[in-house]
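Here is the structure we will look at.
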Protein chains: 2
Amino acid sequence: MQVAPATLEPQTESLSALEVESIELFIGFFKLIGLQKSVGEIYGLLFVSSRALAMDDIMTRLGISLGAASQGLKVLRSVGAVKSVYMPGDRRDHYVADLELSKFATAFIQEELKPRLDRALERIGTMETLASEMAPEDRETAEERLERLKHWLERGESMLPWLLKFLVK
Amino acid sequence: MQVAPATLEPQTESLSALEVESIELFIGFFKLIGLQKSVGEIYGLLFVSSRALAMDDIMTRLGISLGAASQGLKVLRSVGAVKSVYMPGDRRDHYVADLELSKFATAFIQEELKPRLDRALERIGTMETLASEMAPEDRETAEERLERLKHWLERGESMLPWLLKFLVK
DNA sequence: CAAGGCCTTCAATAAAAAATGAAAACCCCG
DNA sequence: CGGGGTTTTCATTTTTTATTGAAGGCCTTG
């Protein structure tokens, strides 16, 4: 009968100091643009890896579950932050980090920021209608403020194309 | 003896359609820059209010707790999104929304984005040292990628002053 | 300087978000 | 097709984050 290992810890092959730094860096970054920890972990690991990793490697090295790895990779693929490469003689997908960092910013701007600005501007239209039906003294305040907010949002929106151009290469 | 009200619901004076729209709009916005729901609610309410509101009013109208109102106002004061005005004959503080919307963007950039970029650039310094001690084939990959990341971050950082100038007024 | 209204704090609770892993689906290749 | 390796899905559990409200501090006022 086989004896149990000396410790009860999950046997994650330990990460190098470089990997740890990279992972922490990208966790922080990705959180900022609304992506979760496990997504940042995976990208951080791949970023400093000189070879492509299979999902299995990722789970083991990071000590995360199968589901988390699968979902994390799905997100990373969807924003183009990761691509799979063919490995002869291995049926598993292997992933490498896409180094075009601007993709994250682009995805964030186009998928988070822009839609939110559009939605807000629509909503202001609704609010202008509602405000127009109010008692005069309240109406004036509301209309002035809505106008102001609208201007500011439009200004923000007008900046996005420029911002994109600046960030992409 | 006074009879109890007919319903058991908390007697939040109901919000107008305009207020609801405003609140939803700012909840969304504030979430984007990492502020919580109750903070957005309070600002949204104040934004369309033509008179200053006491903390008590805010709690009642929004149906949130004393603590949430207090903490929400604290956050809003700290980013300058709200200011208190003096109301003769009333000991309570009364709040109005500061309409300088750019303050939110500015606070976000200076208190969230900038520090994070600085921290990331520091970290890259550490990583470069770590990379230089690696085996040649891995070292080369790591160094190239770190260089690339560094460039991109520096580029981002260089954009911040411009962005601030654009957003403020 | 005491009483009471107003506000803040913070430990406890509730709500929301993320991670887990078993079950099902999806492939290849033979 | 059929078996087995690989991946996805999703109900459950865990973790994280936000909210609550009682206790206590701070003022103002009488």
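Numbered from 1 within each chain, the chains take letters A, B, ... in sequence-line order.
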With sequence neighbours excluded, tell me which residues meet salt bridge (charged side-chain N to carboxylate O under 4.0 Å, His left out) with K83(A).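 Per chain and number, K83(A) pairs via salt bridge (charged side-chain N to carboxylate O under 4.0 Å, His left out) with no residue.
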
With sequence neighbours left out, write down each residue that passes salt bridge (charged side-chain N to carboxylate O under 4.0 Å, His left out) with D93(A), or none if nothing qualifies.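 Expected list: none.
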
Strictly distance-based, threshold 3.5 Å: is any side-chain N or O of S49(B) a donor or acceptor partner for the main-chain N or O of L45(B)?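 No; zero donor-acceptor contacts below 3.5 Å.
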
With nearest nucleotides of DNA chain C determined for L66(B) and S65(A) from heavy-atom distances, which residue corresponds to the more 5′ nucleotide?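 Upstream on the strand: L66(B).
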
Listed once per pair and sorted, the side-chain hydrogen bond (donor to acceptor under 3.5 Å, both in side chains) pairs that draw on residues 30-47 of chain B, sequence neighbours left out: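 Output for this query is empty, none listed.
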
Pairs satisfying salt bridge (charged side-chain N to carboxylate O under 4.0 Å, His left out), at least one member in residues 133-150 of chain B, at least two apart: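 Qualifying pairs: E100(A)-R148(B), E128(B)-K150(B).
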
Spacing between [X] atom [atom1] and [N] atom [atom2], to the nearest angstrom:
X      : N       : atom1 : atom2 : value
I64(B) : dA18(D) : CD1   : C1'   : 12 Å
M55(A) : dG5(D)  : CE    : P     : 15 Å
I58(B) : dT20(D) : CD1   : C1'   : 17 Å

Please name all residues satisfying side chain to side chain contact (heavy atoms under 4.5 Å, CB included) with [X], sequence neighbours left out, ordered by chain then number.
X       : value
T126(B) : E21(A), L130(B)
A142(B) : L18(A), A131(B), M134(B)
R155(B) : F166(A)
I33(B)  : L35(B), F104(B), F108(B)

Taking heavy atoms of chain A and a 4.0 Å limit, find me the 5'-most and 3'-most nucleotide of DNA chain C within that range.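 From 5' to 3', the first and last contacting nucleotides are dA18(C) to dC28(C).
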
Tell me, which of residues 75-97 of chain B have any heavy atom that sits under 4.0 Å from an atom in DNA chain C?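 Listed by number, they are R77(B), R91(B), R92(B), D93(B).
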
Among residues 22-37 of chain B, which ones have heavy-atom contacts with DNA chain C below 4.0 Å?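 Here the set is empty: none.
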
Under 3.5 Å, sequence neighbours excluded: what are the donor-acceptor pairs made by side chains of residues 64-78 of chain A?
| from | atom 1 | to | atom 2 | distance (Å) |
| --- | --- | --- | --- | --- |
| S65(A) | OG | A68(A) | N | 3.2 |
| R77(A) | NH1 | Y95(A) | OH | 2.9 |
| S78(A) | OG | V75(A) | O | 2.7 |

